[in-house]
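Let me begin by presenting the structure, written as structure tokens, before commenting on it.
As the structure is a computational prediction, the values presented were derived from the model and not from experiment.
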Amino acid sequence: MNELKPLIDRKYKTMTGENYMAGISLGGLLSVYAGCKYPDVFKRIAGMSSAFYRNQEEIEKLAGSTPSSEKIYLDCGTAEAGENSKISELFLESNKAVYEKLKSSGSEVELRII
């Protein structure tokens, strides 16, 4: 936030009031984190197949206790771990839990199960 974002703004033509962030897996976790931590900077967030389980308790706590970005899109598959259905179920439940916490923040949140 203090180094990379200012560098991007200096190097590229950005719209400073319209910053969006998206990521897959750990990038999805980081995008949602940024949307919760800096909602005034990142207005819209997308997390695809987000690996929330890597930091589940902390991201749920943050998502449920702070205002978040205006709009948040999440998606998660029903077969994220391929043939290992147990891990796929846990992965999906992890995403659903974060979705529920984000809904309570007042943001417009969508979870698409694929």
Say whether, by atom type as modelled, one donor and one acceptor occur between the side chain of [X] and the main chain of [Y] under 3.5 angstrom.
| X | Y | answer |
| --- | --- | --- |
| Ser49 | Cys76 | no |
| Ser68 | Leu102 | no |
| Glu89 | Lys86 | no |

How many angstroms lie between [atom1] in [X] and [atom2] in [Y], if you round to the nearest 0.5 Å?
| X | Y | atom1 | atom2 | answer |
| --- | --- | --- | --- | --- |
| Glu58 | Leu29 | CD | CG | 10.0 Å |
| Tyr53 | Glu80 | OH | CD | 9.5 Å |
| Phe91 | Ser85 | CZ | OG | 15.0 Å |
| Thr78 | Ile114 | OG1 | CD1 | 9.0 Å |
| Tyr20 | Lys71 | OH | NZ | 8.5 Å |
| Ile59 | Tyr33 | CD1 | OH | 8.0 Å |

### Message
Just checking Glu110: does its CD atom have more than 12 heavy atoms from other residues, nucleotides or ligands closer to it than 6.0 angstrom?
### Response
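For Glu110, atom CD is crowded (more than 12 foreign heavy atoms under 6.0 Å).
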Between [X] and [Y], is there shared hydrophobic-cluster membership here, with clusters defined by ILVMFWY side-chain heavy atoms closer than 4.5 Å?
| X | Y | answer |
| --- | --- | --- |
| Ile113 | Tyr73 | no |
| Met1 | Leu26 | yes |
| Met21 | Leu4 | no |

Nearest heavy atoms of [X] and [Y], plus distance in Å:
| X | Y | value |
| --- | --- | --- |
| Ser104 | Gly64 | OG-CA, 4.0 Å |
| Leu111 | Tyr99 | CB-CD1, 3.5 Å |
| Gly23 | Ser31 | N-OG, 3.3 Å |
| Asn95 | Leu74 | O-CD1, 4.5 Å |

### Message
Quick one, Glu60 and Val98 - any side-chain contact, counting heavy atoms below 4.5 Å?
### Response
yes
### Test log, rule salt bridge (Lys or Arg N to Asp or Glu O under 4.0 Å), inputs Lys96 and Glu93
CA-CA 5 Å; Lys96 286 179 178 178; Glu93 291 306 312; 3.6 Å; yes
### Task
Establish, from distance only, whether the side-chain atoms of Gln56 and Ser94 form a donor-acceptor pair under 3.5 Å.
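Yes.
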### Query
Any ion pair linking Lys103 and Glu100 (charged N to carboxylate O, less than 4.0 Å)?
yes
Show me the side-chain donor-acceptor pairs of residues 38-48 shorter than 3.5 Å, one per line, residues at least two apart or across chains.
residue, atom, partner, partner atom, Å
Lys43, NZ, Asp40, O, 3.1

